[in-house]
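Okay, structure first, notes after.
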Amino acid sequence: MKDALLTIENLSVSFQMGKRTTRAVENVSLFLQKGETLGIVGESGSGKTVTAMSILRLLPGSAVYPSGAICFNGKNCLTIPDDDIREIRGNRISVIFQQPMTSLNPLHRIGKQVKEILFLHQDISHAEADKKALSWLERVGLKNPATKLSSFPHQLSGGERQRVMIAMALINEPDILIADEPTTALDVTVQAQILDLIRDLQKELGMAILFITHDLGIIKRIADRVAVMKDGQIVETNVPDIIFNSPSHPYTKHLINSEPKGKPDPVDDRDETLIDVSHLKVFFPIQKGILRRTVDYVRAVNDISFTLKKGRTLGIVGESGSGKTTAGFAILKLNRSTGKILLGKNSLNDLDKNKIRELRKRMQIIFQDPFGSLNPRMSVAEIIGEGLSIHNPGITPKDEEEKIIVVMEKVGLDPETRDRYPNEFSGGQHQRIAIARALILKPEFMVLDEPTSSLDRSVQFQVLELLKSLQKEFHLTYIFISHDLKVVKSLCHDIIVMKDGVIVESGPSEKIFSHPEQEYTRQLIATAFH
């Protein structure tokens with residue numbers, strides 16, 4: 001388009017691995033006008049992120065561009081010198097990356113990383129940079145921003161890290177913001193705040209946004225136009241009203257119909273209790289001074305109690321930093337806690353490390369970041385089979401391989417791919433690998449920490465159906481930690497709502513969703529189903 005701020009014309013992107021060439025994007029054409037929000041949706045591996053990262057030449061060295069041009073400010077971003085593209089990055093065009101933990105430097109404090117982008121593009125003093133960094137952390141809704149400036153990334157929750165990434169992307173007030181799944185790690189209330197913040201800044205700065213997400217609800221609310229991608233191509237582009245009410249392409253219809261729906265499978269109330277938690281507390285010390293004396297505690301989980309019967313799913317919901325994940329880790333004895341945790345008749349708090357290790361195969365975890373939890377130097381077979389070799393040291397290689405093949409088929413993975421490495425799989429496949437790794441030990445109990453948050457809707461639907469079928473087949477018990485209440489409603493029999501480390505409301509899923517008693521719960525539900 002003639003007056004467009006950014007134009008992508010017939011872009012094709014391939015990756016060369018030795019003699020093998022893989023085409024990721026084919027003849028994509030898009031335009032972005034000043035002040036406009038263009039949403040890009042599609043399944044994992046459809047080419048959304050590859051297209052967006054090509055704009056700033058952020059793809060690895062194996063990427064080649066057989067055809068096309070990306071024009072910004074009268075220049076082709078694919079051919080301008082490196083110095084010119086570096087001047088544009090983070091200044092004229094900024095990016096909010098999908099994985100905040102891997103995008104932030106684990107060795108540097110948050111304050112240093114936020115200010116670094118200011119020093120790169122602005123002539124600014126350290127005092128001014130401190131003030132501006134603090135101001136932006138406040139604007140993106142980070143609690144206690146002054147203390148967070150001196151924190152390291154691992155000391156922040158997933159949602160807090162994402163807010164830091166948003167502040168870093170917006171601090172230089174860019175012309176274009178590329179938002180790659182910017183609200184993936186955020187709970188629904190903070191998600192709404194961030195979207196409102198981005199829209200307010202867009203109006204204030206006249207900023208254009210390229211918004212990549214698998215959440216169709218967000219696209220419906222924020223986008224002016226929507227482009228649907230499949231297998232590296234644009235299959236449909238239109239305004240949200242037409243896309244959602246009268247989609248023309250079968251794939252668009254498939255995406256829209258993949259929204260989480262239905263209820264959890266019925267269970268027998270006579271089943272015995274598997275997990276019994278009483279007065280669970282997890283406090284983290286706040287240390288100050290040269291001697292690092294403890295001056296106070298962060299009460300991450302503050303005296304919570306609940307029970308969970310066999311074969312049921314308990315959903316734990318609440319805002320980022322509410323203590324959901326900390327509680328899940330504590331139940332698995334992955335962090336220190338006080339109180340009583342019973343797995344069947346075993347009191348986990350009374351067992352030493354060796355006894356806990358013996359129980360590990362009965363309880364497993366699926367982590368929030370599927371790719372980050374997989375060792376990139378191990379093949380899929382080695383990753384899935386690692387637990388077997390630890391808990392069954394006498395197993396033969398043949399028996400181990402047979403079990404790996406069976407469990408891969410069970411979770412919908414092709415066993416022929418077992419010798420490949422994690423980087424050769426999509427996000428949905430990473431999650432299936434993580435589920436297979438946990439399932440191969442035949443556990444009774446699994447903690448699922450945001451297992452579908454990074455997946456697009458159609459893959460998310462498949463994973464949820466997989467979890468339901470596995471639960472039914474093996475009588476599994478789940479604790480499902482999530483900020484996505486639509487997913488929780490479709491999977492969980494019971495719900496705990498947490499805020500500031502305490503339980504504010506709990507009960508059967510149907511009761512919580514139909515008749516919430518607490519204002520905080522009502523606010524969460526209203527925001528999620530808006």
Side-chain angles (χ1 to χ4, degrees), residues 100-101 104 106 109-110 137 140-164 185-191 275-288 292-308 314-343 348-349 356 363 365-369 372-373 445 447-451 453 479-483 488 495-506 518 520-521 524:
M101 191 58 189
L104 294 170
R109 297 182 191 276
I110 293 301
L137 292 182
V140 296
L142 202 65
K143 292 177 183 175
N144 303 316
T147 59
K148 296 295 192 296
L149 284 170
S150 58
S151 299
F152 289 97
H154 73 272
Q155 295 174 302
L156 274 59
S157 70
E160 288 172 329
R161 289 193 290 266
Q162 192 65 289
R163 278 176 254 183
V164 170
L186 304 180
D187 55 83
V188 288
T189 51
V190 179
Q191 186 182 86
I275 303 293
D276 189 349
V277 174
S278 302
H279 305 294
L280 181 68
K281 295 180 181 179
V282 182
F283 291 2
F284 296 112
I286 299 172
Q287 296 172 323
K288 289 187 177 179
R292 310 300 291 163
R293 287 198 176 99
T294 299
V295 296
D296 200 355
Y297 292 90
V298 174
R299 291 162 176 78
V301 176
N302 196 359
D303 198 10
I304 70 169
S305 302
F306 64 87
T307 58
L308 176 57
L314 172 68
I316 303 182
V317 302
E319 291 181 336
S320 174
S322 63
K324 307 186 300 290
T325 298
T326 304
F329 281 22
I331 292 161
L332 295 175
K333 296 302 294 174
L334 295 177
N335 54 27
R336 290 183 180 179
S337 63
T338 60
K340 201 80 171 172
I341 304 167
L342 293 177
L343 175 66
L348 301 187
N349 282 53
I356 287 285
M363 49 185 190
I365 185 167
I366 308 294
F367 292 98
Q368 181 173 356
D369 176 6
S373 69
F445 167 58
V447 173
L448 308 162
D449 185 15
E450 301 274 11
S453 65
I479 284 183
F480 191 87
I481 299 165
S482 181
H483 65 264
V488 168
I495 293 176
I496 283 173
V497 183
M498 289 189 69
K499 187 176 191 296
D500 300 330
V502 300
I503 294 174
V504 297
E505 189 166 356
S506 63
Q518 300 298 318
Y520 177 68
T521 311
L524 283 180

- Query: Using 30° and 60° as the class limits, which term best fits the ring planes of F329 and F367: parallel, tilted or perpendicular?
  - Reply: perpendicular

- Query: In Å, rounded to the nearest 0.5 Å, how long is the span from CD1 of I496 to NZ of K324?
  - Reply: 12.5 Å

- Looking at CD1 of I316 and CD1 of I481, how far apart are the two atoms once the value is rounded to the nearest 0.5 Å? 5.0 Å

- Calculate, to the nearest 0.5 Å, the distance between atoms CG and CG belonging to L348 and D276 respectively. 11.0 Å

- Task: Report yes if some heavy atom in the side chain of D303 is under 4.5 Å from a heavy atom in the side chain of V502; otherwise report no.
- Result: no

- Taking all non-hydrogen atoms of both residues, which atom of I503 and which atom of S305 are closest, and how far apart? CD1-O, 3.8 Å

- F152: what forms a side chain to side chain contact (heavy atoms under 4.5 Å, CB included) with it, not counting sequence neighbours? R109, H154, Q155

- What is the distance from atom CD of E505 to atom OH of Y520, rounded to the nearest 0.5 Å? 11.5 Å

- Nearest 0.5 Å please: distance from the OG1 atom of T326 over to the CG atom of L334. 11.0 Å

- Item | Partners passing side chain to side chain contact (heavy atoms under 4.5 Å, CB included) against A330 (at least two apart in sequence or in another chain) | L280, V282, N335, S337

- Message: Taking salt bridge (charged side-chain N to carboxylate O under 4.0 Å, His left out) as the cut-off, I'd like each qualifying pair that reaches into residues 141-151, sequence neighbours left out, listed once.
- Response: K143-D500, K148-E160

- Query: Would a 4.5 Å heavy-atom cut-off, applied to side chains only, mark I275 and L343 as touching?
  - Reply: yes

- Item | Shortest non-hydrogen separation from V447 to G328 and the atoms involved | CG2-O, 4.1 Å

- Message: Side chains of L104 and R161, heavy atoms from C-beta outward: is any pair under 4.5 Å?
- Response: yes

- Message: With rounding to the nearest 0.5 angstrom, report the CD1 to CG distance, I479 to L332.
- Response: 7.5 Å

- Message: If I compare all heavy atoms of G318 with all of L524, which pair ends up nearest, and what's the gap?
- Response: CA-CD1, 4.3 Å

- Taking R163 for its side chain and G141 for its backbone only, find out whether a donor-acceptor pair lies under 3.5 Å. yes

- Measure across Y297 and P285 and return the closest heavy-atom pair with its distance rounded to 0.1 Å. CD2-CA, 3.6 Å

- Query: Given side chains that start at C-beta, do those of V301 and K281 come closer than 4.5 Å, heavy atoms only?
  - Reply: no

